[in-house]
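Keep in mind the model is a prediction, meaning the values are calculated, not measured.
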Amino acid sequence: MSNAVRIFTHAFTMVFHDLGATLRATYVGVSLVALSVVLFLTLAPNMFGSMMLATETDAFNPDAFGNAGAAVVAILVMAVGYIMMVAAWHRYVLLPEGQRDGGFTPGAGIVLGYFGRSLLLGIIVGIAAIPLFVPLGVIASAGNDILTNLVAIPLFAILGWVLLRLSLILPACTIGKDMKLTESWAASRPLSGAIIGLTIILGVVDFVLNLVISVLPAPYILGVVSVITSVLFALVSASILTTLYGIAVEGREV
């Protein structure tokens, strides 16, 4: 667990030690995420508010989804923004000095490659989740919420562990390396224990952030704060993945 804490601390520090440099490296992606929020607020404000209050059944408003086309555009802009942001961060950390002249903003090929690999990882984890969550569904159907949560936590940890083990292909593709899933799995084997710890740490951080955000009063304030925290969480997660790649593939020290 100490190795996991050290990797998390290193990744967190890389993002926040010089926030100006972080923003300069990722400004295109961050700007697109911000633009998507502006699009939501101006073109589909009712939908934005309804989505932020989705956990409250009495807040659901079917009329809020009248401008679905604008929302789809905003969601696409946000998705591209997130990919460009995390890909730029990978490049900022991993590109050697001689290859930095072109900047860190990824081109269309890298963005599409990152999206395709992310989709592949999602499909793999989704398939892996099916046999794991069958017993969870049986327990949940019995109405035992405490036991359901106790079983769900390690199952999510296992899936997170598998995802991180395979996800070294993501930073690799941003610097022109065509890494296979089997190569990512093999390279991350020495870090298996640390990756379990990192999965737990990320889960706890995500839970605490969501708990804090949930007490915010207004849906629009809640939405904007949610986007800001999700951007920072995504950068820290990308930084963790970058650190794992640096250690497992490039032999870097933390």
Neighbour count above 12 (heavy atom, 6.0 Å) for Phe16 CZ: yes

Taking all non-hydrogen atoms of both residues, which atom of [X] and which atom of [Y] are closest, and how far apart?
| X | Y | value |
| --- | --- | --- |
| Ala234 | Val86 | O-CG1, 4.0 Å |
| Leu121 | Ser167 | CD1-OG, 3.5 Å |
| Thr199 | Gly160 | OG1-C, 3.7 Å |
| Ser36 | Ala74 | CB-O, 3.2 Å |
| Ala187 | Ala248 | O-CB, 3.3 Å |

Separation of [Y] [atom2] from [X] [atom1] (nearest 0.5 Å):
| X | Y | atom1 | atom2 | result |
| --- | --- | --- | --- | --- |
| Trp89 | Thr26 | CH2 | OG1 | 7.5 Å |
| Ile110 | Thr174 | CD1 | OG1 | 6.5 Å |
| Leu32 | Leu76 | CG | CG | 11.5 Å |
| Asp206 | Ser237 | CG | OG | 8.5 Å |

What I'd like to find out is whether the side chain of [X] reaches to under 4.5 Å of the side chain of [Y], using heavy atoms alone.
| X | Y | result |
| --- | --- | --- |
| His90 | Leu95 | no |
| Met179 | Val249 | yes |
| Met84 | Thr105 | yes |
| Thr242 | Arg91 | no |
| Cys173 | Tyr114 | yes |
| Val93 | Met14 | yes |
| Asp18 | Thr22 | no |
| Glu183 | Ile169 | no |

Test side-chain hydrogen bond (donor to acceptor under 3.5 Å, both in side chains) applied to Ser188 and Tyr245, step by step: CA-CA 8 Å; Ser188 61; Tyr245 183 89; over 6 Å; no

Backbone of Val236 reached by a side-chain donor or acceptor of Ser239 within 3.5 Å: no

Within the 6.0 Å centroid threshold, strictly below: Phe12 and His17: no

Phe156/Phe133 aromatic ring centres below 6.0 Å: yes

Criterion side-chain hydrogen bond (donor to acceptor under 3.5 Å, both in side chains) on Arg165 and Ser184, from CA distance to verdict: CA-CA 7 Å; Arg165 288 282 308 271; Ser184 176; over 6 Å; no

Of Leu191, Leu198, Ile7, the residue whose pairing with Thr243 passes side chain to side chain contact (heavy atoms under 4.5 Å, CB included): Ile7

